[in-house]
Structures are given as structure tokens and as C-alpha cells.
Trainee: 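I am attaching a structure below and will ask some questions about it afterwards.
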Amino acid sequence: MPKKKSDIILSTEIQATLEKLYAAKQELERKVQTLYRVNDFMASVTDLKKLLTLIMEESKDIVEAEASSLLLYDAKTDELYFDVAKGGKEEEIKQIRLRMGEGIAGTVAKTRKELVVNDVKKDKRFAQRVDKATKFETRNILAVPMIRKDRLIGVVEAINKKNQGQFTDKDTAILRVLADLAAIAIENAQLYAAKVHAERLAAMGEAVAGLAHYIKNVLSGVKGGMELVETAIKNHNQQLLEESWTILKNSNMKIAKLIADMLNYSKDRKPEYKLCSLNKIIEDTLMTTQKKAKERNVILQTQLDPNMPAQVCVDPTGINDILLNLIFNAVDAIDHGHGKITISSKYDTTTDQIQLSVTDNGTGIPPHIVSRIFDPFFSTKGSGGTGLGLAVTQKIVNEHNGTISVKSVLNKGTTFTITIPAKRT
């Protein structure tokens, strides 16, 4: 019996969906596995040189480069030197030092901005003496600075995209994350060498363990989603495809949130001030949080000050991140749903300050841990949280020259209040 035209169209649509899901699955799996391996390295490898070598090997592979290198900054001589190199010519390149501003790496170190040069022959900043000394032919370079607390640590480079390709924005984003992880490892090693107090080392160990548990939980969701995708592909089950794709998307969002929090917390950042409506930012943020609140039977409501200036000078992205962290925390704090969260705004004409508050009627915060909730990696959610959300929130508030406070009563609820200037200071 011949197939109907509608059946052929449906089959084509299913096949296209399968191909897109399979490609997305492979890309997601590749990035997740890289982060998982690096996380495993961070938690288990105590030898800094070995750890950095492993991170650089992962960096080279994830961006599909022929070689990679990690240069450290020598503050005494104001130069960069090659500490780790992967992809050949390791010993030759370690004999070379670059002045600040010399070559692509020197330029990145001086400007503290990432740089992609996909044809070094056309870029005057390229240091040809490195290729001459190593007899290595460089075609293109992706370089990212390593910075901790406004202190230059060094530069990470990926060299020569495989298959004559060019480095992309996605390559830059993932190398930036790995460079930040390398910077954290180097800083931790330097702090250890300086005999940091034992309690801080213990706290860092606890933090890494908590982060590892969280990542493993996310990876479990990814693994389950991928298994469901494979089953759906084999059985041509469209409904199962849609369900498993939702699981993968949620896991991907958690990974993206973790990376964003790590970047926000680890890097010094100046707010990108803009004139905008604070009440509009609140309303827009609520639109993105309604789904999770509804799933938990939580009501979101607002109490917006009608006298709020039409425009205030803030970083809208930063304010959005603050609200997202506080709202999601509030949703999680409400047992078994049936709760209520109120987001309020207020303008103080006397001090020319704006006030944001997020109030829930959840379980409250025990008095003995209130003083710790803004500590990085401290979490009351066990392996279900990273402990970075409130630390990032406080950091953004501080960057706005503002303050954040919390009032909480057990079994009655919690209120977080943010006060920041309405104008740029």
C-alpha cells in the first residue's frame, strides 16, 4: 500500500528532528565531559604542574587545536614565560620569554582582553621570533587572559584550529572558562605556598567537594537524558524525544548557570551602567521565573513603587541576575509549594537610593547559619546547590556600591533587601 503524502512529510520532520537532537546531544556531551574531567582533576590532582598540564590538554582538545600553551606572568621582569605547552616543541618554547605587549599573548596580557587572530601573517602583533626559534608554523591563535582579583596571572593560548578551520566565539567562551579554572588552581597553589591559614584550606576542600557533588548530579541528569534520546531514536518515538530533550535542556541550563556563576564570582567586573526602568526589569525577570514557580505551586507577586523614577542608572544584567538568584532561592525555600513570594521596589527621595526586596513565606534560615549564607560554596541544599548564588549576588551588589541584608524567621519566611544608588557613583 503506497504511503500517504502526509506520512512522508511527517517522516521527514521526524528525521530532521532526530538529526538536530543527535548533533546537539554530541556537542553537549562533549562539553559536559570536558567540564566533568576538569572538575575531577581539580578535586583529585594535588600536583599543580600536572593539573595545569591536564587542563591544557583538555583545552587543546575541546577547541580542536593542534597545540596549546599556558604562559605565566613574571611581575619581577614584567614578562611572560611558557610554563606549559602541548602539541610539540615543548622544550624549545619554554626557553622563550615575551615582553608585555609583545606578540598575541603579550598583547592579551597588556590589554587583559581575549583575542582571536585567524590569520597571524596579516597581524603585525604576531611575534615571528617564536616560530623562528621553535621552527613551528602558526596559522591562527586564540588567547585568553588569566586574571584573579584584578591581578594578572598569565595567558592561555590555543594554536592552529584543526582542519584549516578558524576559532569561533564558542571556542573563546569555553577556553575562557578553562582559563579561569587554571587561574583558580594557580592562585590556590600560591596561597598554599604562602601558608594560608588551615581553616581556609579546609573550607576550600569542602567547597570543591560540594561543587563536585553538584556537577555529578547534573551529569546524572545528562546521562539519563542521553539514554532516553538514544532509546527514542532507535524506536522513532517522537513523544519520548520531546521528553528527553526537555531533560537535556534543563541539564544544559544548570551547567550554563554554574559556568556563569563561576565566571561572575571569579572575575572582577565593572557594572555596565545604563539608564533603564527598574520596575520593568522586575516585570521582565518575573516572566522568566513564572514557570518554575508554577511547577512548585508558588505565587509570584509584585509591589512596585509608582513613584520610582522612569529611569535609574544600573547594570540591568546585574540586577536581573540578583533577582533570579533570590527568586529561585525563595522558591526552593518553600516546602511542598502553596507559598507566596513578593518582589518589591521602593525609591527613597531623601537619599536618592532604590531598594529591591524579595520576601517569601518559606521555612526561614536558622540563626546559626545566617552569617554564612554569603560565603562562597556554602549551601544549605546539600548536593542540590553550588553555594555560589548568594555569593555572586553579594558581589554584584558590592559592584553597584550597594548593600544587601537579610531578615529571617524560622517557619515564617525570609526577606532579602538590596539598596543601591539610583545614579552612577
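One is the number of the first residue; the rest follow in order along the sequence.
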Trainee: Apply side chain to side chain contact (heavy atoms under 4.5 Å, CB included) to residues Leu326 and Ile343 and explain how you reach the verdict.
Mentor: CA-CA 10 Å; Leu326 294 180; Ile343 300 91; over 6 Å; no
Trainee: Taking Thr168's backbone N and O only, do any of them form a donor-acceptor pair with Asp171's side chain (distance below 3.5 Å, no angle check)?
Mentor: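 A pair under 3.5 Å: yes.
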Trainee: Would the number of heavy atoms belonging to other residues, nucleotides or ligands and lying under 6.0 Å from CD of Gln290 be above 12?
Mentor: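 Yes - once you tally the heavy atoms of other residues, nucleotides and ligands closer than 6.0 Å, there are more than 12.
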Trainee: Are side-chain heavy atoms of Gln394 and Asn398 found at a separation under 4.5 Å?
Mentor: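 In short, these two side chains touch, coming nearer than 4.5 Å.
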Trainee: For a quick test of reading the model, state the closest non-hydrogen atom pair linking Met56 to Ser69 and the distance between them.
Mentor: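 Minimum heavy-atom contact is CE-O, 3.3 Å.
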Trainee: If you take all heavy atoms of Leu80 and Gly154, which pair is closest and at what distance?
Mentor: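 Scanning both residues completely, I find the closest heavy atoms to be CD2-CA, 4.5 Å.
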Trainee: Nearest 0.5 Å, what's the OG-CZ distance between Ser59 and Arg176?
Mentor: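 Going from OG on Ser59 over to CZ on Arg176, the span is 13.5 Å.
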Trainee: Under 4.0 Å between a Lys/Arg side-chain N and an Asp/Glu carboxylate O for Asp61 and Lys162?
Mentor: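 Lys162 and Asp61: not salt-bridged.
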Trainee: Is Asn160 reaching over with its side chain to a backbone N or O of Asn140, donor-acceptor style, under 3.5 angstrom?
Mentor: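 Yes: the side chain of Asn160 pairs with the backbone of Asn140.
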Trainee: Assess the residue pair Ile420 and Ile319 against the criterion (side chain to side chain contact (heavy atoms under 4.5 Å, CB included)); give the C-alpha distance rounded to whole Å, side-chain angles, the decisive distance to 0.1 Å, and a yes or no.
Mentor: CA-CA 10 Å; Ile420 58 178; Ile319 300 300; 3.7 Å; yes
Trainee: Can you name the one residue among Arg125, Arg97, Arg129 that meets side chain to side chain donor-acceptor pair (under 3.5 Å) with Glu102?
Mentor: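 The passing option is Arg129.
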Trainee: Which atoms form the tightest heavy-atom contact between Ala67 and Lys60, and what is the distance?
Mentor: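 Looks like CA-CD, 3.6 Å.
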Trainee: So which of Lys161, Lys86, Arg139 actually passes side chain to side chain contact (heavy atoms under 4.5 Å, CB included) with Glu66?
Mentor: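 With Glu66 as partner, Lys161, Lys86, Arg139 yield a single side chain to side chain contact (heavy atoms under 4.5 Å, CB included), made by Arg139.
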Trainee: Report yes if the side chains of Leu175 and Leu142 come closer than 4.5 Å at any heavy-atom pair, otherwise no.
Mentor: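 Touching, per the 4.5 Å side-chain cut-off.
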Trainee: Can you check whether Leu410 reaches Pro367 side chain to side chain, under 4.5 Å on heavy atoms?
Mentor: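 With C-beta onward as the side chain, the pair touches.
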Trainee: Give, for atom CD1 of Ile365 and atom OG1 of Thr414, the distance between the pair rounded to the nearest 0.5 Å.
Mentor: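 Between atom CD1 of Ile365 and atom OG1 of Thr414 there are 4.0 Å.
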Trainee: To the closest 0.5 Å, what do you measure between CG (Asn329) and OG1 (Thr393)?
Mentor: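 Asn329 CG to Thr393 OG1: 7.5 Å, rounded to 0.5 Å.
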Trainee: When you check the gap from the basic side-chain N to the acidic O, do Asp284 and Lys280 get nearer than 4.0 Å?
Mentor: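 Salt bridge present between Asp284 and Lys280.
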Trainee: Report, as yes or no, whether the 6.0 Å neighbourhood of atom CD on Gln311 holds more than 12 heavy atoms from other residues, nucleotides or ligands.
Mentor: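 Enclosed.
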Trainee: Measuring only between side-chain heavy atoms, which start at C-beta, is Glu283 closer than 4.5 Å to Thr302?
Mentor: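 A side-chain contact is absent here, since even the closest heavy-atom pair is not under 4.5 Å.
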Trainee: Just verifying a value: how many Å separate Gln301 CD and Thr359 OG1, rounded to the nearest 0.5 Å?
Mentor: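 The OG1 atom of Thr359 is 9.5 Å from CD of Gln301, to the nearest 0.5 Å.
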Trainee: Hey, are the side chains of Val117 and Phe126 touching, using non-hydrogen atoms and a 4.5 Å cut-off?
Mentor: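 Counting from C-beta outward, Val117 and Phe126 never come under 4.5 Å.
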Trainee: At what distance, to the nearest 0.5 angstrom, does CG of Asp74 lie from CE of Met100?
Mentor: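 The distance works out to 11.5 Å.
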Trainee: I would like to know whether Leu152 and Arg112 meet side chain to side chain contact (heavy atoms under 4.5 Å, CB included); could you show each step before the answer?
Mentor: CA-CA 8 Å; Leu152 176 67; Arg112 300 192 175 196; 3.8 Å; yes
Trainee: Quick one: which of Leu278, Asp305, Asn279, Asp348 gives a side chain to side chain contact (heavy atoms under 4.5 Å, CB included) with Ile354?
Mentor: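 It is Leu278; the other options fail the test.
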Trainee: Please evaluate residues Tyr273 and His400 with respect to the criterion side chain to side chain contact (heavy atoms under 4.5 Å, CB included), reporting the C-alpha separation (whole Å), side-chain torsions for both, the decisive distance (0.1 Å), and the verdict.
Mentor: CA-CA 9 Å; Tyr273 288 103; His400 276 80; 4.1 Å; yes
Trainee: Atom NZ of residue position Lys340 - does it have more than 12 heavy atoms of other residues, nucleotides or ligands inside 6.0 Å?
Mentor: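 Not buried by this count: 12 neighbours or fewer within 6.0 Å.
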Trainee: What pair of heavy atoms forms the shortest contact from Asp78 to Tyr73, and how long is it?
Mentor: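 Heavy atoms of Asp78 and Tyr73 come nearest at OD1-OH, 2.6 Å.
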Trainee: Compare every heavy atom of Pro309 with every heavy atom of Tyr347, then report the nearest pair and how far apart it is.
Mentor: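 Residues Tyr347 and Pro309, closest heavy atoms: CG-CD, 3.6 Å.
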Trainee: For a 4.5 angstrom cut-off between non-hydrogen side-chain atoms, does Phe136 reach Ile93?
Mentor: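 The answer is no, as the side chains (C-beta and beyond) never meet within the 4.5 Å cut-off.
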Trainee: Compute whether any side-chain donor of one residue and acceptor of the other, for Asn320 and Thr317, lie under 3.5 angstrom apart.
Mentor: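 Thr317 and Asn320 do not have a side-chain donor-acceptor pair below 3.5 Å.
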Trainee: Would you compute the distance between atom NZ of Lys49 and atom CG of Asp83 and round it to the nearest 0.5 angstrom?
Mentor: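 The CG atom of Asp83 is 3.0 Å from NZ of Lys49, to the nearest 0.5 Å.
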Trainee: Less than 4.5 Å apart, side chain to side chain, heavy atoms only: is that true for Asp119 and Asp123?
Mentor: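 The answer is no; the side chains never approach within 4.5 Å.
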Trainee: How far apart are the closest heavy atoms of Leu70 and Ala182, and which atoms are they?
Mentor: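 Looks like CD1-CB, 4.2 Å.
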Trainee: Within the structure provided, determine whether Phe167 and Thr172 are in side-chain contact (heavy-atom separation under 4.5 Å).
Mentor: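 Not in contact.
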